[in-house]
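Just so you know, these numbers use all the heavy atoms, side chains as well, and skip hydrogens, waters and symmetry mates.
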Amino acid sequence: MSVFFYWSGQEFDFGNYLAVASAARHASGMDVVVVVDERPVDNVHFDRTGRLPGVTVEPLDTRSLLPPELRLLYDRMRFVAHRSDLVRLALLAEHGGIYLDTDTLTCADLGRTPEVLLLDDAKIVHLGCLALPAGHPVLTSTLAALAELPEADLDVYQSIIYRWTRIVREHSPPVEFGDLRSYFPVHWNDWEVVFTERLPSDTIRVLHHYGYYSRKYTRVMDEEWIRRNDCLFSDLARPLLRDLEGL
């Protein structure tokens, strides 16, 4: 089984590096694969990511991953988030495994992740952290629905996550959802407490820090920031930094 990430763009920061590094630290022998559309150039954090033990950086090959109608859709998508959603669903549909966003920090053994891990917060079923076996019906059903995505929905940021949520919730037999608080311990409205307060961390398996907002911190962060600032993120990242010394 593999752990997948997706990346597109030049602004790969220290927090993104820690997302991949922390997954590799807790991968229990699984492959960690970063699938890249637009590769960052002269980016020290991305270059370090490619040197992590157990991590493979692979260029996105839409011709082998996506059928023709979804390749056309990918090319038409205006939001990187939409392209990322499409790729993660296709990767898991083909290979199975775990998908993590690059604004996460893995804190516990990924080998203990159930074969099906889906997280529902009453508004959406999250796509930032999930696990499914290859060919699972919610994956194939969502990809089929995306192949018929209306053009107008390409301008709606939440259009894919809402379709995904509806399909998962309507799936029969019902999907059993995982423990949301173990993977998404803070709501996006409260994301900043991750970087400003110390909070209980014993039950956190994967910390999601909502990178759209938290780049305020991660784009200027380095090892010294983590050593100097006492907060939840630092508490969880310090053991990882000790493992990474010398890499």
Side-chain angles (χ1 to χ4, degrees), residues 4-6 15-16 19 73 77-93 97-108 113-132 136-197 199-201 203-218 232-233 236:
F4 293 102
F5 292 87
Y6 168 89
N16 304 135
L73 173 65
M77 285 175 161
R78 270 81 102 170
F79 298 116
V80 172
H82 282 184
R83 297 198 292 271
S84 174
D85 289 344
L86 176 56
V87 167
R88 77 189 66 184
L89 295 171
L91 284 168
L92 293 187
I98 301 170
Y99 181 87
L100 295 172
D101 272 347
T102 53
D103 55 358
T104 57
L105 190 67
T106 301
C107 312
T113 305
E115 186 180 38
V116 174
L117 174 69
L118 295 170
L119 303 165
D120 191 337
D121 70 359
K123 182 178 180 183
I124 61 168
V125 177
H126 289 271
L127 276 168
C129 173
L130 70 156
L132 286 166
H136 193 283
V138 297
L139 294 168
T140 55
S141 296
T142 305
L143 290 171
L146 293 182
E148 300 177 358
L149 193 71
E151 186 72 22
D153 282 11
L154 296 177
D155 292 319
V156 180
Y157 190 80
Q158 296 282 13
S159 59
I160 292 181
I161 191 71
Y162 286 151
R163 271 177 174 74
W164 159 256
T165 296
R166 176 180 54 77
I167 289 168
V168 171
R169 289 178 180 164
E170 292 176 354
H171 180 63
S172 180
V175 171
E176 182 177 343
F177 294 103
D179 177 13
L180 182 71
R181 296 287 297 177
S182 293
Y183 295 86
F184 292 81
V186 295
H187 190 266
W188 68 268
N189 282 333
D190 303 319
W191 67 269
E192 197 157 16
V193 300
V194 169
F195 301 94
T196 58
E197 298 180 22
L199 301 170
S201 60
T203 62
I204 297 174
R205 300 190 60 79
V206 175
L207 174 72
H208 191 274
H209 54 82
Y210 302 93
Y212 178 84
Y213 306 98
S214 61
R215 288 202 72 249
K216 170 183 174 180
Y217 292 95
T218 59
L232 175 61
F233 190 89
L236 296 173

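Note that CG of Asp121 and CZ of Arg181 are 11.5 Å apart. Values are rounded to the nearest 0.5 Å. Atom CZ of Phe233 is separated from atom CG of Leu105 by 5.0 Å, given to the nearest 0.5 angstrom. The structure places CG of Leu236 at 10.5 Å from NE2 of His209, a figure rounded to the nearest 0.5 Å. To the nearest 0.5 angstrom, Arg163 atom CZ is 7.5 Å from Leu146 atom CG. The distance from the CZ atom of Phe4 to the CG atom of Asp101 is 14.5 Å, given to the nearest 0.5 Å. The distance from atom CG of Leu89 to atom CH2 of Trp164, rounded to the nearest 0.5 Å, is 5.5 Å.
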Checklist line | Intermediate values then yes/no, side chain to side chain contact (heavy atoms under 4.5 Å, CB included), Val156 and Tyr162 | finding: CA-CA 10 Å; Val156 180; Tyr162 286 151; 5.9 Å; no
Notebook entry, point to check: Step by step, would you call Ile161 with Leu127 a side chain to side chain contact (heavy atoms under 4.5 Å, CB included)?
Noted result: CA-CA 7 Å; Ile161 191 71; Leu127 276 168; 3.5 Å; yes
Item checked: Residues Val125, Arg169; criterion side chain to side chain contact (heavy atoms under 4.5 Å, CB included); working and verdict -> CA-CA 8 Å; Val125 177; Arg169 289 178 180 164; 4.1 Å; yes
Margin query: Could you go through Leu154 and Ser159, starting from their C-alpha distance and side-chain angles, then the distance that decides it, and tell me whether this counts as side chain to side chain contact (heavy atoms under 4.5 Å, CB included)?
Written below: CA-CA 7 Å; Leu154 296 177; Ser159 59; over 6 Å; no
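Shown here is Glu115, whose CD atom has no more than 12 heavy atoms of other residues, nucleotides or ligands within 6.0 Å. More than 12 non-hydrogen atoms from other residues, nucleotides or ligands lie less than 6.0 angstrom from CD of Glu151.
Proximity of Thr218 to Phe195: side-chain heavy atoms (C-beta onward) are separated by under 4.5 Å at one or more points. The closest side-chain heavy-atom distance from Tyr217 to Trp191 is below 4.5 Å. At least one side-chain heavy atom of Tyr6 sits less than 4.5 Å from a side-chain heavy atom of Tyr99.
Side chains of Tyr213 and Glu192: a donor-acceptor N/O pair is absent below 3.5 angstrom, by distance only. A side-chain donor-acceptor contact under 3.5 Å links Arg88 and Ser84.
A pairwise comparison of heavy atoms in Ala81 and Tyr157 identifies CB-OH, 3.4 Å as the closest pair. Closest approach of Ala131 to Thr113, counting heavy atoms only: CB-CG2, 3.9 Å. Across all their heavy atoms, His208 and Val186 have their closest contact at O-CG2, 4.0 Å. Closest approach of Thr104 to Gly128, counting heavy atoms only: CG2-O, 4.2 Å. The two residues His171 and His136 come nearest to each other via the heavy atoms NE2-CE1, 4.1 Å. Between Ala19 and Thr102, the shortest heavy-atom contact is CB-O, 3.6 Å.
Among Asp85, Ile167, Thr165, Ile160, the single residue meeting the side chain to side chain contact (heavy atoms under 4.5 Å, CB included) criterion with Thr142 is Ile167. For the side chain to side chain contact (heavy atoms under 4.5 Å, CB included) with Pro185, the lone residue among Val206, Ile204, Leu180, Val194 that qualifies is Ile204.
Judged purely by atom type and a 3.5 angstrom limit, Ser141 has no side-chain atom pairing as donor or acceptor with the backbone of Val138.
In summary, Arg205 and Asp179 do not engage in a salt bridge, as defined by a charged side-chain N under 4.0 Å from a carboxylate O.
Taking the six-membered ring where the residue is Trp, Tyr210 and Phe184 present tilted rings, their angle falling between 30° and 60°.
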